[in-house]
Amino acid sequence: MSALIQSVGIHTPSSGLVCYSQKGTNASAAKNVMERICMVKGTTPDTSVLGNKQTLEENNNFIHIFTKNSRIYICQSVKTTKFRVCYNLLEDLDRELQKGRINSQRELSSLLQEKMNYYNDPQNDKIGRLQSQIDITVDQMIENIDKMLDNSEKLQLLQSRTDDLRDNSEAFFYGSKKLKWSMKKRLILTIVIISIVCTIILGIIILIIALKVSGKI
């Protein structure tokens, strides 16, 4: 499977532009695009401590730009890539540089390769993985609801037949009423279980969004 994030680069006042591209990507074209962006951004350096984000379209790809503390972080991705994944990559690179452990362009290039490979792996996208789990759960819930509706139709059919036989057998009437109530209880229990599952899923989504906003994930 081809990489979603194809190229990534960092421009700093001291080291200039350092970039890395996945195999199969036109590395020269990607570098030219990044150099052009850095020339434009370099005329108005961003000194914001929070950082600014911008996304451009270039040759059927998206170019995501994150500027902070006079550094320019750029990545090129295919259009199907989630924006949050790209900006998570760029913000992660900024956090690594703030640690002060990168002392050469070679180390910086290795960092770019490492982080790109990490964010290109769908298993490392916690929100995407949760969305897949939610989709599976929803499919199961829909299947259970279909079964529940099918049971409801059978219940209605049973009730109709019971009404037809009620005049002929009093004992059969009481037995059918008991069966009807039992099946209704099962139906109610199924609805309660589905409601609880939906509430739990909603709680998980709200928790992940809260953690994301607070920067804990």
Cut-off 3.5 Å, side chains only: do Asp92 and Tyr119 have a donor facing an acceptor? yes

Hey, could you give me the OG/CE distance between Ser77 and Met116, rounded to the nearest 0.5 Å? 10.5 Å

With a 3.5 Å cut-off and sequence neighbours excluded, list the donor-acceptor pairs that the side chains of residues 195-210 form with protein atoms.
from	atom 1	to	atom 2	distance (Å)
Ser195	OG	Ile191	O	2.9
Thr199	OG1	Ser195	O	2.9

Could you measure the distance from the NZ atom of Lys31 to the CG atom of Asn26? Nearest 0.5 Å is fine. 12.5 Å

Thr190 side-chain N/O to Arg186 backbone N/O, donor-acceptor pair under 3.5 Å: yes

Taking the side chain as everything from C-beta on, heavy atoms only, tell me whether His64 gets closer than 4.5 Å to Ile74. no

Flag side-chain contact, heavy atom, 4.5 Å: Ile37 against Ile63: yes

From Ile193 CD1 over to Ile188 CD1, what is the distance, rounded to the nearest 0.5 angstrom? 12.5 Å

Hey, is the main chain of Gln123 close enough, under 3.5 Å, to the side chain of Asp121 for a donor-acceptor pair? yes

Between Leu4 and Val85, is a side-chain contact (heavy atoms from CB on, under 4.5 Å) present by the stated rule, with each step listed? CA-CA 10 Å; Leu4 297 177; Val85 174; over 6 Å; no

Does Glu91 pair with Lys53 as a salt bridge, N-O distance under 4.0 Å? yes

Could you check whether Tyr87 and Thr55, counting side-chain N and O atoms only, form a donor-acceptor pair closer than 3.5 Å? yes

Exactly one of Gln76, His11, Met34, Glu35 clears side chain to side chain contact (heavy atoms under 4.5 Å, CB included) with Cys19, and that residue is Met34

Has the side chain of Asn120 got a donor or acceptor atom that lies under 3.5 Å from a matching backbone atom of Ile5? yes

Any salt bridge between Glu107 and Arg101, counting N to O under 4.0 Å? no

Is there a side-chain contact between Asp94 and Phe66, using heavy atoms and a 4.5 Å cut-off? yes

What heavy-atom pair brings Leu111 and Glu96 nearest, and what distance separates the two atoms? CD2-CB, 3.9 Å

May I ask you to decide if Arg106's main-chain N or O and Ser110's side chain share a donor-acceptor pair within less than 3.5 Å? yes

Minimal non-hydrogen separation, Lys115 against Leu93, with atom names: CG-CD2, 3.7 Å

For residues Leu97 and Leu108, determine if any side-chain heavy atom of one lies less than 4.5 Å from a side-chain heavy atom of the other. yes

Can you check whether Leu112 reaches Val18 side chain to side chain, under 4.5 Å on heavy atoms? yes

Any side-chain heavy-atom pair from Val8 and Tyr73 closer than 4.5 angstrom? no

Within a 6.0 Å radius of atom NZ on Lys79, are there more than 12 heavy atoms belonging to other residues, nucleotides or ligands? yes

Which atom pair, heavy atoms only, marks the closest approach of Gln22 to Asn117? NE2-OD1, 3.1 Å

May I ask you to test the Cys75-Leu90 pair for a side-chain heavy-atom distance under 4.5 Å? yes

If you apply the rule side-chain contact (heavy atoms from CB on, under 4.5 Å), what do you find for Leu17 with Ile10, and how did you get there? CA-CA 6 Å; Leu17 176 65; Ile10 300 177; over 6 Å; no

